[in-house]
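To keep things clear, I will list the structure first and then write my remarks on it.
Each residue takes its place number in the sequence, starting with 1.
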Amino acid sequence: MTAGSESVLELLPMVFAAPGEALAGAEEVLRDRPPPLHASVAHQVIGIWQRDFGDIRLALSHLRRARDWAARADSAEREADVLATLGVALVHAGRTRQGMDALGRGVARGTGHTRARVLFRRAYAWWVLGHHRESLEDVRRAIPVLRQADDVIWTARALTLRATVHLALGAVERADADFTAAEALWDTTGQEHDKADAVESRGLAAFRSGDVPAALRLLDEAEERYAKLGTPTFMLNIRRCEVLMAAGLAPEALAEADAAIRTLDGIGGQSTRKAELLLAAARAARLADDPQTAIARAAIAVRLFAGQRRTWWETHARLVLTGARHAAGRGSGRLVADAAAVAEKLAALGAPAAPEASLLAGRIALDLGWTADAERHLAVAARSRHGGPPLARMTGWAAQALRARAAGSARGVLEACRRGLDVLDDHRMTLGASELRARATAQGAELAALAQQASLVSGGPRRLLVWSERWRATALSAPPARPPADPALLSGMTAYREIAARAEEARMEGRPVPALEREQRRLEREIRSRTLHMRGAAPDGGNRFDVGRLLGRLGDDVRLVELAVLDGRVQVLLCGQGRVRRFEAGLLAAAETEAEHVQAGLRRLAHPGAEARLPVVEAAGRRLEELLLGPAAAHLGTGPVVVVPPGRLHRVPWALLPSLRERVLSVSPSASSWLRARETVPPPGGRQVLVRGPGLATGGAEVPELADRYGGATVLEHDDATVPRVLRELDGAALAHIAAHGAFRADGPLFSSLRMADGPLIVHDFEGLDRSPYRIILSCCDTARFATVGADELLGLVTALLPLGTAGVVACSAPVNDAAVVPLMLALHKGLDAGLSLAEALRDARAALPGDPLHRATGWAFSAFGAA
């Protein structure tokens with residue numbers, strides 16, 4: 001690296017093409033006592049590397065030496081270039097005034113092409129500081145000169161920066177044009193780090209335009225590119241946090257931000273990035289209902305931004321801090337004033353978050369009873385309902401709904417809520433993954449609650465039912481998107497299955513499994529990441545819930561009991577005989593506590609010798625009925641009952657409730673879901689599939705007897721019961737019975753599984769079916785357990801099957817005794833063979849069991865879902 005000036009100068013572009021090689025080359029130059037010009041370049045290269053990938057203090061030390069060597073070399077152009085690099089580093093270190101002074105001196109010292117490069121870096125510093133107009137002015141002056149000099153790399157950088165500034169100001173179309181132009185230029189260069197940055201920026205643009213799956217895919221691609229270069233990714237962490245929060249994954253965003261802060265602190269990295277990460281963490285904590293953490297992170301971010309003279313960022317941090325204080329229960333005139341001041345400042349800065357601040361000011365004012373002040377702030381926030389990205393429009397409709405409620409207009413509330421939820425519906429349907437669809441519903445929870453409250457006051461039971469359905473189990477309204485063939489996803493799932501099987505075998509043999517568990521977690525992250533990338537179909541409006549259609553299907557005999565929760569109390573909507581009636585029951589929190597007691601009792605009763613627990617469990621069932629059905633229990637009639645519980649009551653064993661114990665009883669996530677199941681046509685051919693997995697205490701003793709009963713059924717057991725073979729046979733079957741160990745994953749519900757001969761059959765596997773079995777019976781523990789996410793959504797094995805063509809499922813919500821399951825399953829199939837529905841056959845099977853506590857508890861633990 002001592003041959004000549006040209007070879008040394010090549011180190012500068014190499015920092016972003018091959019960072020490690022550039023650093024090594026610069027260190028080699030300095031070992032040979034180079035002339036001042038070469039020493040200046042080498043120190044600048046090391047300074048850039050440390051500034052962007054290492055210790056900011058070391059960066060400043062090297063860049064000051066680079067400046068001094070440039071002065072000795074008597075090169076004004078060299079000195080201008082180094083001053084620009086030093087200025088950016090000082091800004092990132094939080095020394096804003098010194099940094100902007102250095103950049104100003106660089107602009108003054110440079111001429112022509114060099115001056116254009118310095119202007120670009122000053123534009124970048126303005127962007128970091130949140131001075132977007134100044135940034136656009138400098139980059140506007142730089143681009144023509146860079147183009148005239150045919151400087152492809154710096155032109156592409158300038159276009160990327162201008163696009164990023166446009167995004168901050170909400171000008172998505174202008175940003176797209178610049179990103180497209182920059183990407184075409186990057187394709188002609190070998191600047192790998194810059195290329196990765198361009199992919200990351202396109203991910204941000206996709207997010208700003210509302211395409212969350214594309215944003216996640218592009219950010220993951222950028223991360224892979226950075227990993228190959230061995231460079232840290234703090235800006236990427238910040239952007240991914242933003243996308244994760246919009247996708248309803250706030251706890252993951254908080255974990256990512258906190259981990260990045262620890263890494264940044266460990267290397268002594270940029271103070272500016274730390275402040276931005278703290279802001280991301282504060283936002284995530286606020287969305288994760290952790291206001292105290294949000295307050296702590298936001299307060300530090302405010303101090304750092306203020307010290308760095310970054311008004312744009314400081315104002316956004318103050319918005320989060322004010323919102324977190326409100327969420328923590330603080331309400332005062334001072335807080336209204338703080339929110340209003342933030343809104344005014346954000347509007348002056350041209351920040352898209354200004355309506356959010358006005359909405360916050362209006363909320364706090366409403367809480368204080370200051371209706372005139374609230375109306376003023378909410379009216380400003382409501383303007384955003386007519387344009388911009390989906391979440392901004394939802395902010396506007398939420399403000400409009402609150403205005404209408406304050407004015408006493410129930411009709412206005414319902415119209416605003418309908419319009420806002422329509423916006424979110426369209427947004428959700430762009431998400432292909434069922435998990436993202438479910439989690440995104442949290443963003444509409446307030447609108448749904450406002451509409452239900454308005455319905456309760458003025459609309460009667462029918463309207464309350466419509467709004468209860470409007471935001472219940474919406475993730476099940478359409479099947480998740482599936483790529484026609486994703487080799488990487490299929491390969492990852494095969495590897496995951498193999499690793500999981502090896503880990504299970506090692507546990508059974510008493511061997512250590514940490515390495516296998518680490519690899520299993522890595523593969524889970526990879527599979528989940530690829531599924532989150534999938535886009536949904538374009539929104540088609542779907543079928544709106546029709547109360548008349550529901551009542552027509554129920555007829556005179558069947559009753560549907562939908563439980564809505566308003567202000568913490570259960571409202572029972574009893575549908576049947578052509579009408580909807582409302583009854584008020586108990587507190588949701590008390591019912592949840594009682595349900596947990598019942599689950600504990602059923603777990604005990606699954607083992608011999610726990611007979612004394614039976615009266616306790618039955619008494620808990622009576623209390624549950626009072627809390628959940630209240631006076632409605634006396635109006636159920638004598639026919640079949642369909643229960644539609646809220647997500648937080650999914651673990652209730654409904655057959656234990658006295659008024660439901662002897663009935664034909666089924667459970668459904670929503671009335672709409674029950675209607676779809678009721679109208680689902682069985683597949684032709686009536687094909688039956690019987691599956692027996694390994695490791696059952698009874699060996700799946702019911703399967704051979706069922707094989708004799710059904711004659712021509714496909715039987716998969718022993719080495720034939722592999723995941724690919726089982727999935728192939730299940731696709732389009734009329735009836736499937738799976739006897740296998742079930743495992744519920746609360747930390748990752750779509751990795752809940754059934755154990756097959758070659759490893760776990762997970763929920764993601766079922767989502768690959770063209771059509772899941774019309775009826776499916778899961779005779780194993782914990783197959784009817786779900787994770788509650790979003791507004792009122794459930795993720796788990798049963799809910800994965802319902803949108804894919806399954807009309808009825810029998811599954812278990814608690815651990816059960818394997819031996820006691822066998823007679824229950826045989827009796828259940830006897831009823832199906834006689835032409836009964838799943839719910840009818842399960843009712844008769846419970847009655848046919850011995851009357852001892854073990855068998856009774858087993859019967860209560862199973863539920864029929866759907867309508868087949």
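Look at Arg843 and Glu840 and you find no salt bridge, because none of the NZ, NE, NH1 or NH2 atoms lies under 4.0 Å from a carboxylate O. Under 4.0 Å is where a charged nitrogen must lie from a carboxylate oxygen, and between Asp719 and Arg725 no such pair does. A salt bridge is absent between Glu242 and Arg239; no separation between the charged side-chain nitrogens and carboxylate oxygens falls under 4.0 Å. Look at Arg771 and Asp731 and you find no salt bridge, because none of the NZ, NE, NH1 or NH2 atoms lies under 4.0 Å from a carboxylate O. Under 4.0 Å is where a charged nitrogen must lie from a carboxylate oxygen, and between Glu592 and Arg651 no such pair does. A salt bridge links Glu679 to Arg553: at least one charged side-chain nitrogen sits closer than 4.0 Å to a carboxylate oxygen.
Taking Pro823 as the reference, Leu849, His855 meet the side chain to side chain contact (heavy atoms under 4.5 Å, CB included) condition, with sequence neighbours excluded.
Side-chain polar atoms of Thr714 and Gln688 form no donor-acceptor pair below 3.5 angstrom. Residues Glu223 and Thr233 have side chains that never bring a donor and an acceptor to within less than 3.5 angstrom of each other. A donor and an acceptor atom, one from each side chain of His829 and Glu705, are nowhere located under 3.5 Å apart.
Here Glu252 contributes atom CD and Cys241 contributes atom SG; the two are 10.5 Å apart, rounded to the nearest 0.5 Å.
In this structure, His741 contributes its side chain and Pro694 its backbone to no donor-acceptor pair below 3.5 Å.
The nearest pair of heavy atoms linking Ile499 to Leu516 is CG2-O, 3.4 Å.
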